[in-house]
Amino acid sequence: MAASVRTFVRSLSRKNACFAAVLRQSDCRWFTGAAEDRSTHFGFETVSEAEKASKVYKVFENVAQKYDVMNDAMSLGIHRLWKDALLHVMHPQPGARLLDVAGGTGDIAFRFLDYIRSQQEKQQRRAMSLGQTPSWRDISDGYPAGGGAPESAVVVCDINKEMLKVGRQRADSRGVTTGLSWVVGDAEELPFNDDQFDLYSIAFGIRNVTRIDQALKEALRVLKPGGRFLCLEFSKVTNPVLERLYDAYSFQVIPVLGEVIAGDWKSYQYLVESIRKFPDQEEFKGLMEDAGFFCVQYFNLTGGVVALHSGFKL
Amino acid sequence: MWLRYCPRFMIIRRQHIELSTSAQFVQQLNTSRRDRSHSYYDGVYHGHIQTTPFQKALLAVGSGVAALQDPYRHDMVAVLGETTGHLALVSLRDRMRNDPEGLTILTERPRIRLSTLDLKNMASLPDGSFGREYLRFLEDNSVTPDSRTQVRFVDDEELAYVMLRYREVHDLMHTLLGMPTNMLGEVVVKWFEAAQTGLPMCALGAVLGPLRLNARRLQSLFTSLGPWALRNGRRGRCVLSIFYERRWDQNLEDLRQELHIEPPPATLHPSRKT
C-alpha cells in the first residue's frame with residue numbers, strides 16, 4: 001500500500017516536472033493570456049501588445065515611399081556609413097546565405113551582394129596573381145552567373161508589404177536579378193525551417209518588434225550552428241554633451257523634417273520616441289545572452305548613437 | 001476695460017462665450033482622451049501638435065521651400081500659413097469679436113462641409129441668390145468644400161478655429177468676387193485675402209502667384225483685376241465675420257453691397273486653366 005502511494009506520488013512529481021518543463025520551454029503566450037492584456041510602449045505612449053504591431057505597420061506603410069530620402073535627410077547620410085560598417089563586421093564570403101530581417105527597402109541586401117561580388121573578384125585576382133595559366137574551364141567558371149556566386153543568396157524578410165514593394169522597385173532599377181528574394185514574414189515567427197542561414201542581420205528593425213526576446217529566439221532557431229547574428233540599432237549615447245545635442249536634434253528637427261519631406265509628423269515622432277524606449281547596449285547584450293547566443297559583443301558607432309551587436313549560435 | 005461701457009447683455013454674451021469655448025475645449029479634451037490612439041499627441045484641440053518656437057521657425061522655412069518647389073503640396077502651404085500667421089490671426093479674431101455677427105460665429109463655430117450643406121434646398125433657390133451662385137461655382141469648377149487641410153500648428157484653439165474658418169470661406173470668396181479656380185482667379189482672390197486678412201502666407205502667394213501667369217493675364221491682373229481686389233480688400237467688411245450659412249437665400253448683389261465689394265470689372269470663365 002505504501003509502495004503504491006510512493007509510486008503514485010513519484011509519478012505525480014514526475015508529471016509536475018514535465019509540466020514545469022513544458023511551461024519553461026514554451027513561450028507561455030497562449031497559457032498566460034491574450035496579448036491584449038499585456039501592455040507595451042509605442043514611443044512614449046502605452047498600448048496593448050496587439051495594438052502595437054498594427055500601429056507600427058501603419059507607420060511604415062505611411063513612410064515607405066519616402067523612407068530612403070528621409071534616412072538620408074535625418075542622418076545627413078551617415079546611415080550609409082553605419083550600414084557599411086555592418087557589412088565590414090559581417091565580412092561575408094562567397095557561398096554565405098544571409099537572412100535580412102526588417103530589411104524592407106533592401107539597403108543591407110544590396111550591400112551584401114556587392115560585398116560578395118568584390119570578394120569573388122579579389123579571390124580571382126589572387127588566383128591570377130599566383131602565376132598559373134588558367135585553362136578555359138577555369139576561366140569560364142570564373143564568370144559570375146548574374147549578380148553573385150550561385151550559392152550565396154540573401155533573403156529579405158519584412159512584415160510590411162509596402163516596404164518590400166519599394167525594395168523590389170529598387171532591385172529592378174539596379175538590375176539585380178539573382179541571389180535575392182523577398183519574403184513577407186514576422187520576426188517573432190519566421191517562415192523558415194531551423195538551421196537555414198549562415199548570417200542573420202536586422203538593421204534598425206528590432207526596436208519595432210513587440211517582443212524582442214521572441215525575435216531573438218527565432219533568430220537563434222533559423223541560424224545554422226556557427227551562424228552569426230548581427231543587429232544594428234540606435235542606442236544610448238555615451239558622451240553627455242553629444243547626448244544633449246542628439247536629444248535636441250531628435251526631438252526638435254526630425255519631426256519637422258518628417259512633416260516637410262514626407263508630410264507625416266507623427267510617424268517620425270514615434271521614431272525618435274521608440275529609440276529612447278529601446279534597451280541600452282549592455283541590456284541588449286544581456287537579452288542576447290539570455291536567448292542563447294555566445295560570444296556576444298557590441299561596437300559603438302558615432303559615439304553610441306548606433307550600436308552593432310554580434311553573437312554566435314554554437 | 002470696455003466692459004464698463006457695454007450694455008448688460010454684451011457682458012452676459014461675453015461670459016456665455018467664455019463658458020461655451022471652455023466647455024468646447026473640455027469636450028474636445030475628453031473626446032481626445034477617449035480616442036486612445038491619439039491620446040498622447042492631442043494638444044488643445046483634435047489634431048493639434050505642440051511645437052516650440054524653434055520648430056515653428058524650422059517648419060516655416062521648410063514648408064516655404066517645399067511649397068515653392070512643388071506648388072501642388074497644399075499641406076505645405078497650409079503649414080506655412082499656420083506657422084507664420086499668428087499676429088494676423090490675433091487681429092482677425094479681434095475684428096471678429098468686435099463685429100456682432102463675427103461674435104456669433106466665434107461662439108457657434110459653424111463648419112462648411114458637404115454634410116452640413118443642404119444641397120437640394122440650395123439648388124432650388126432663385127438664380128442670383130448667394131446659395132445658388134455658390135452651388136454653381138462648385139459645379140463649374142469641380143471643387144468640393146471638404147478638401148481643406150486640418151489646422152495643426154496653431155497653439156490657441158480659438159485662433160485655430162479662425163484659421164479653419166478662413167480656409168473654409170475661401171471658396172465663398174471665389175463666389176463673392178466672381179473668380180474661377182484657374183491661376184488668374186486664384187491670384188486675384190489671394191490679393192483680396194492679403195489685403196483683407198494680412199496673413200503672410202496670402203501675401204507670399206500674392207507675390208509669387210503672378211510669376212506663373214502669361215503676359216495677357218498679367219496685364220489684366222495689374223490693370224483691372226488687381227487694383228479692384230486690393231481696393232475692395234482694404235475697405236471691405238471682414239469677410240470672416242459673415243454668417244454665410246444663414247444667408248444662402250440672400251441676393252448676391254445685396255450681399256456684395258453689404259460687404260462694400262464692387263462687382264468684378266470682368267467676368268472670367270472657369271473652363272480655361274493657365
Side-chain angles (χ1 to χ4, degrees), chain A residues 35-59 61-63 65-66 69-70 72-74 76 244-277, chain B residues 29 31-85 147-155 160 163 167 201 204:
Chain A
E36 285 85 24
D37 295 346
R38 286 192 303 275
S39 67
T40 177
H41 50 82
F42 178 73
F44 288 159
E45 210 185 323
T46 308
V47 298
S48 73
E49 287 193 352
E51 237 187 302
K52 172 162 180 173
S54 63
K55 285 172 86 101
V56 171
Y57 192 94
K58 193 145 313 140
V59 163
E61 202 176 34
N62 291 342
V63 307
Q65 290 300 324
K66 294 279 175 87
V69 174
M70 278 301 299
D72 276 331
M74 289 189 293
L76 308 170
R244 294 274 295 275
L245 281 171
Y246 177 56
D247 279 348
Y249 177 73
S250 295
F251 284 99
Q252 300 294 318
V253 179
I254 287 182
V256 173
L257 281 177
E259 177 63 36
V260 171
I261 299 178
D264 193 348
W265 178 285
K266 290 183 180 173
S267 296
Y268 289 91
Q269 182 83 25
Y270 159 72
L271 179 113
V272 298
E273 289 174 2
S274 65
I275 292 174
R276 300 299 171 303
K277 296 301 268 187
Chain B
L29 265 189
T31 46
S32 66
R33 254 187 237 123
R34 256 182 273 132
D35 181 16
R36 276 196 65 204
S37 52
H38 296 289
S39 58
Y40 172 68
Y41 299 111
D42 257 356
V44 294
Y45 53 89
H46 179 66
H48 179 221
I49 296 177
Q50 203 56 258
T51 43
T52 62
F54 174 72
Q55 281 177 318
K56 285 204 177 65
L58 212 56
L59 268 174
V61 169
S63 62
V65 169
L68 283 173
Q69 279 191 329
D70 184 2
Y72 288 102
R73 285 204 64 181
H74 299 296
D75 58 331
M76 287 291 103
V77 177
V79 168
L80 182 63
E82 288 167 28
T83 48
T84 53
S147 49
R148 299 295 148 190
T149 327
Q150 211 185 23
V151 178
R152 280 172 303 159
F153 299 110
V154 179
D155 290 333
M163 189 77 199
R167 280 188 197 154
M201 182 258 291
L204 200 65

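A note on names: the letters A, B, ... follow the listed sequences, proteins ahead of strands, and every chain is numbered from 1. All of these numbers come straight from a predicted model, not from anything done at the bench.
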Check: Are the side chains of A:Gln252 and B:Leu58 in touch, meaning some heavy atoms are under 4.5 Å apart?
Finding: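 No - every pair of side-chain heavy atoms lies 4.5 Å or more apart.
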Notebook entry, point to check: Any side-chain heavy atom of A:Trp265 within less than 4.5 Å of one from B:Leu59?
Noted result: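 They are in contact (side-chain heavy atoms under 4.5 Å apart), so the answer is yes.
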Check: Once you round to the nearest 0.5 Å, how far does CD1 of A:Ile254 lie from CD of B:Gln55?
Finding: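 Atom-to-atom, A:Ile254:CD1 and B:Gln55:CD are 11.5 Å apart.
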Margin query: To the nearest 0.5 Å, what is the distance between CD on B:Gln50 and CD on A:Gln269?
Written below: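 Taking CD in B:Gln50 and CD in A:Gln269, the distance rounds to 11.0 Å.
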Next item on the list: Heavy atoms only: give me the nearest A:Glu259-B:Arg152 pair and the separation to one decimal.
Entry: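 Looking at all heavy atoms of both residues, the closest pair is OE2-NH2, 2.8 Å.
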Next item on the list: Search all heavy atoms of B:Ala66 against all heavy atoms of A:Val260 and return the closest pair with its distance.
Entry: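 Shortest heavy-atom separation between B:Ala66 and A:Val260 comes out as CB-CG1, 4.0 Å.
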Notebook entry, point to check: Who passes side chain to side chain contact (heavy atoms under 4.5 Å, CB included) against B:His74, sequence neighbours left out?
Noted result: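 Scan of B:His74 (side chain to side chain contact (heavy atoms under 4.5 Å, CB included), adjacent residues dropped) gives none.
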Notebook entry, point to check: Relative to chain B, which segment of A:Leu257 carries a heavy atom at a distance below 4.5 Å: side chain, backbone, both, or neither?
Noted result: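 When you check distances to chain B, no heavy atom of A:Leu257 falls under 4.5 Å.
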Note to self: For the interface with chain A, which of B:Val79, B:Asp75, B:Thr52 has the highest count of heavy-atom pairs at distances below 4.5 Å?
What the structure shows: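 Winner by heavy-atom pair count: B:Thr52.
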Next item on the list: Could you pull out all residues at least two apart from A:Tyr268 that satisfy ring pair (Phe, Tyr, Trp, His ring centres under 6.0 Å)?
Entry: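 For A:Tyr268 there are no ring pair (Phe, Tyr, Trp, His ring centres under 6.0 Å) partners, ignoring immediate neighbours.
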